[in-house]
Amino acid sequence: MYLMFRNRNLVLQSLRRFNLETLISRRRWIPARSTHSKPPPPDSKQTGIFSLAGELASLVEESSPHVDDTKPRSRMELKRSLELRLKKRVKEQYTNGKFNDLLKTVIARPETLRDAYDCIRLNSNVPVTESDGNVAFAFDSMAEELSSGAFDVVSNTFSLVARDKTKEVLVLPSLALKVVQEAIRIVLEVVFSPYFSKISHSCRSGRGRGSALKYISNSMSRSDWCFALSLSKKVDDSVFESLLSVMEEKVDDSSLSVLLRSMFEARVLNLEFGGFPKGHGLPQEGVLSRVLMNVYLDRFDHEFYRISMRHEALDRDSQSVEDGLGSKLRSWFRRKAGEEDLKSCTEKDVAVRVYCCRFMDEIFFSVSGPEKVAVDIRSEAVDFLRNSLHLDITDEIDPLPCETAKGIRVLGTLVRKNVRESPAVKAVHKLKEKVRLFALQKEEAWTLGTVRIGKKWLGHGLKKVKESEIRGLADSNSTLSQISRHRKAGMETDHWYKVLLRIWMEDVLRNSADRSEEFILSKHIVEPTIPQELRDAYNKFQTSAAAYVSSETDKVEALLPCPDPHDKPVFFGDVVAPTNAIRRRLFRYGLVTSEGYARTNSMLILQDTAQIIDWFSGLVRRWVIWYGGCSNFDEIKALIDNQVRKSCIRTLASKYRIHENEIKRRLDEELSTIPSAEDVEEEIQHEKLDSPAFDRDEHLTYGISNSGLCLLSLARVVSESRPCNCFVSGCSMAAPAVYTLHAMERQKFPGWRTGFSVCIPSSLNGRRIGLCKQHLKDLYLGQISLQAIDFGAWR
């Protein structure tokens with residue numbers, strides 16, 4: 001006991017000597033007490049004696065750096081703080097194993113509705129410090145209506161009918177109903193998200209599309225068979241009643257069930273399995289869709305663990321005779337209880353391993369073991385989804401080998417299993433790549449030189465046409481003078497020269513597929529006039545380089561030492577960007593021609609210069625964030641450099657009717673937001689460093705971080721006689737212009753993630769929306785999604 005008190009006094013004395021002078025100089029020495037102990041009476045002998053905990057707390061507080069509370073927080077940090085505030089209110093209602101009366105005690109409170117409205121404004125990138133007088137007074141009356149059951153759901157909805165033959169009807173909530181749905185969403189996530197399974201990557205912090213792809217790629221490297229299940233079902237009465245019964249296991253609130261049922265009957269929940277990719281910020285995905293879908297599919301997540309246990313731990317045929325059933329079952333439970341990362345698993349190899357990952361209504365399976373086990377697991381999973389959850393499966397594809405070269409489509413990308421190359425093979429492939437790049441550089445230099453000569457030829461031709469108009473220089477016997485007889489009277493010289501070129505091009509390009517200016521000048525004008533010896537030398541070099549790349553590599557690899565047959569190959573999961581699908585979308589959106597050459601986007605010409613650049617920058621920004629870790633990112637960089645950047649320059653050149661080089665010179669600083677191929681890597685690092693941690697949380701940015709780029713065209717400029725406000729929820733700014741929304745595609749579920757909006761409903765095609773300059777920029781750059789727009793502002 002004496003030693004304990006002696007050590008305590010030594011600690012206090014050393015700490016006081018370390019910081020006492022500083023505390024006295026600041027005049028902030030305050031006798032501290034433990035926050036958990038009662039103060040001693042005034043006449044106690046312990047007066048002036050401080051507890052050890054109090055002394056340490058005081059010294060740590062004084063020595064710690066001062067925290068700057070005035071530093072502005074990002075909008076996702078503010079959203080997180082609002083959700084935590086609601087979380088405390090929800091947890092106060094937990095009694096007897098259930099959450100009771102959540103509607104009346106939590107949701108139907110003015111402060112809760114206000115916080116939900118602020119979350120909507122943050123999703124719309126509207127500062128919550130700004131006051132909105134249009135709705136600030138309505139929270140008290142809205143709370144009373146919700147508490148008394150008088151809130152009318154139907155009157156707070158509006159319908160949009162498609163103008164095409166389908167006559168598709170989309171029912172969307174008004175701003176008041178959207179606030180109620182946002183409050184319900186936060187409350188239900190607080191209740192159910194702690195119970196969600198590990199395989200679910202769509203409703204918790206730290207889990208999203210990125211974590212799902214990382215898990216899938218890691219599991220592919222350890223698996224032999226893989227398959228994906230895509231669900232399809234428009235929620236009907238049976239599914240919705242089953243959903244309510246699942247919710248009642250943890251929530252005891254009949255009034256909340258009545259409110260959700262009224263939303264379902266009004267068709268404003270917009271809850272659908274399949275149909276369109278989830279998490280892309282599409283208007284047809286309801287506010288409550290994410291949490292309700294995960295609550296319903298949580299039954300399947302837990303069923304997967306039973307399937308996994310049956311095949312991994314209880315299968316007697318897959319274990320050796322000396323292994324006991326109890327030991328294997330015990331190891332299975334240990335693995336599942338402590339499994340945080342596939343890389344941390346150091347157990348012995350066994351016959352069967354089953355991996356599963358689910359993002360909303362897309363489910364991925366991979367199996368390490370025989371094909372029969374993979375087929376049985378797929379059959380059991382499909383039977384449970386159909387018979388117990390009453391859901392349909394869109395594809396009936398059998399399990400595929402993981403080593404297939406094509407790969408499997410998961411979450412809009414391709415995932416495949418590859419073998420990691422040895423250092424010697426890497427060196428051979430690196431040499432091959434160097435030779436290929438050297439040949440490509442020579443080809444580009446050849447094309448550039450021939451095109452430059454061809455442009456000089458065009459200038460020389462125009463000079464000859466002008467000389468033919470001068471009598472002293474004209475040659476009456478030349479072909480040009482004979483053709484000039486067909487020239488119309490009064491036709492300008494430049495116009496006449498263009499007519500001659502067009503007639504000549506129609507004759508030359510009759511049997512040619514490539515119609516670009518560079519190709520015509522290089523192949524049809526300059527190359528036929530180059531000496532034959534020079535052309536033969538160039539063609540021989542290119543042929544030799546191609547032959548070396550294709551055949552010499554195999555010969556060099558054959559000379560390498562044979563690998564040890566006892567060494568097992570090292571596999572890894574490879575995520576591949578869908579470049580073929582991206583190229584098709586570039587053509588569909590008018591950025592490239594059918595041959596793949598950049599062209600002018602006519603729908604963007606009427607917009608301002610900054611808005612045009614923001615549109616192209618938004619596409620590049622999405623590609624950089626989404627595909628920065630893909631193995632074929634070099635192809636994405638080539639698309640950025642050769643298609644997107646050139647299309648932006650040509651669109652601006654057509655807008656101002658000047659040459660492309662002049663646009664590059666005048667708008668060099670503005671065009672820097674569209675990085676070239678050499679600057680893309682640096683752009684990726686800037687995105688990682690500049691964005692706060694909360695802004696990278698896919699739970700908080702759900703529907704925003706993966707929203708695709710939409711195409712808008714200028715409809716009209718707003719005038720005083722026809723005013724218009726911004727359609728974004730919570731924004732009260734005036735809109736300087738009205739834009740038309742174009743639905744360019746409707747991908748079948750599951751679709752490819754190409755950077756563009758994948759499935760805008762036909763009922764929104766051609767709809768006009770008013771946007772202020774800030775929110776138009778946010779929509780282009782991916783800071784907000786189409787879900788932030790109130791399409792019912794004009795009805």
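Owing to the predicted nature of the structure, the values given are computational and were not obtained by experimental measurement.
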Take Tyr656 and Thr609 through the test side chain to side chain contact (heavy atoms under 4.5 Å, CB included) and record every step on the way to the result.
CA-CA 10 Å; Tyr656 293 104; Thr609 301; 2.3 Å; yes
I would like to know whether Glu265 and Arg261 meet salt bridge (Lys or Arg N to Asp or Glu O under 4.0 Å); could you show each step before the answer?
CA-CA 6 Å; Glu265 293 173 353; Arg261 188 177 287 106; 5.3 Å; no
Step by step, would you call Asp253 with Ser257 a side chain to side chain contact (heavy atoms under 4.5 Å, CB included)?
CA-CA 7 Å; Asp253 191 349; Ser257 300; over 6 Å; no
Let's go through Leu711 and Trp615 carefully: what are the C-alpha distance in whole Å and the side-chain angles of both, what is the deciding distance for side chain to side chain contact (heavy atoms under 4.5 Å, CB included) to 0.1 Å, and is it a yes or a no?
CA-CA 9 Å; Leu711 184 60; Trp615 193 88; 3.8 Å; yes
Other residues, nucleotides and ligands only: do more than 12 of their heavy atoms fall within 6.0 Å of [atom1] on [X]?
X: Met733; atom1: CE; answer: no
X: Lys178; atom1: NZ; answer: yes
X: Lys250; atom1: NZ; answer: yes

Within the distance-only criterion (no hydrogens, no angle test), does the side chain of [X] pair as donor or acceptor with the backbone N or O of [Y] below 3.5 angstrom?
X: Gln774; Y: Asn125; result: no
X: Ser289; Y: Glu285; result: no
X: Ser707; Y: Ile704; result: yes
X: Ser124; Y: Val728; result: no
X: Arg621; Y: Leu781; result: yes
X: Lys278; Y: Phe276; result: yes
X: Asp392; Y: Lys233; result: no
X: Lys79; Y: Cys119; result: no
X: Asp115; Y: Leu82; result: no
X: Lys655; Y: Gln607; result: yes

Which of these, Val268, Val154, Asn156, sits in a side-chain contact (heavy atoms from CB on, under 4.5 Å) with Met263?
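Result for side-chain contact (heavy atoms from CB on, under 4.5 Å) with Met263: Val268.
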Check Val291, Leu297, Val295 against Met293 for a side-chain contact (heavy atoms from CB on, under 4.5 Å) and give me the one that passes.
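Passing option: Leu297.
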Which atom names give the shortest non-hydrogen contact between [X] and [Y], and what distance separates them?
X: Ala108; Y: Ser147; result: CB-N, 3.8 Å
X: Phe791; Y: Pro283; result: CE1-CG, 3.9 Å
X: His390; Y: Val239; result: O-CG2, 4.1 Å
X: Leu786; Y: Ser757; result: CD1-OG, 4.5 Å
X: Thr754; Y: Trp623; result: O-NE1, 2.9 Å
X: Ser729; Y: Asp790; result: OG-CB, 4.2 Å

In chain order, what residues pass the salt bridge (charged side-chain N to carboxylate O under 4.0 Å, His left out) check against Arg746, with sequence neighbours excluded?
Glu168
Regarding [X] and [Y], do their side chains bring together a donor and an acceptor under 3.5 Å, going by distance alone?
X: Asp298; Y: Ser200; value: no
X: Ser654; Y: Thr600; value: yes
X: His742; Y: Ser713; value: yes

Kindly determine whether Ser202 and Asn294 satisfy side-chain hydrogen bond (donor to acceptor under 3.5 Å, both in side chains), including the steps that lead there.
CA-CA 8 Å; Ser202 50; Asn294 280 281; 2.8 Å; yes
How many angstroms lie between atom [atom1] of [X] and atom [atom2] of [Y], to the nearest 0.5 angstrom?
X: His201; Y: Ser211; atom1: NE2; atom2: OG; result: 5.0 Å
X: Ser254; Y: Leu259; atom1: OG; atom2: CG; result: 11.5 Å
X: Leu160; Y: Ser762; atom1: CG; atom2: OG; result: 10.5 Å
X: Asp164; Y: Ser763; atom1: CG; atom2: OG; result: 9.0 Å
X: Arg767; Y: Asn765; atom1: CZ; atom2: CG; result: 9.5 Å
X: Leu122; Y: Ser74; atom1: CG; atom2: OG; result: 9.5 Å

Beyond-backbone contact of [X] with [Y], side-chain heavy atoms, under 4.5 angstrom:
X: Arg645; Y: Phe616; answer: no
X: Leu712; Y: Leu771; answer: yes
X: Asn270; Y: Leu172; answer: yes
X: Val153; Y: Val180; answer: no
X: Leu714; Y: Tyr739; answer: yes
X: Ile613; Y: Leu652; answer: yes
X: Thr651; Y: Ile605; answer: yes
X: Met247; Y: Val191; answer: no

Could I get the full list of ring pair (Phe, Tyr, Trp, His ring centres under 6.0 Å) partners for Tyr296, not counting sequence neighbours?
Phe273
Of all residues at least two apart in sequence or in a different chain, which pass the ring pair (Phe, Tyr, Trp, His ring centres under 6.0 Å) check with Phe264?
Phe240
Quick one: do Asp118 and Arg85 make a salt bridge, cutoff under 4.0 Å?
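Arg85 and Asp118: not salt-bridged.
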Salt-bridge contact Glu182-Arg185 (side-chain N to carboxylate O under 4.0 Å):
yes
Do the ring planes of Phe756 and Tyr589 sit parallel (below 30°), tilted (30 to 60°) or perpendicular (above 60°)?
parallel
Test side chain to side chain contact (heavy atoms under 4.5 Å, CB included) on Leu619 and Leu591 and set out the steps.
CA-CA 11 Å; Leu619 180 60; Leu591 275 70; 4.1 Å; yes
So, is the end of the Arg290 side chain (NZ or CZ) under 6.0 Å from the ring centre of Tyr702 and within 45° of the ring's axis?
yes
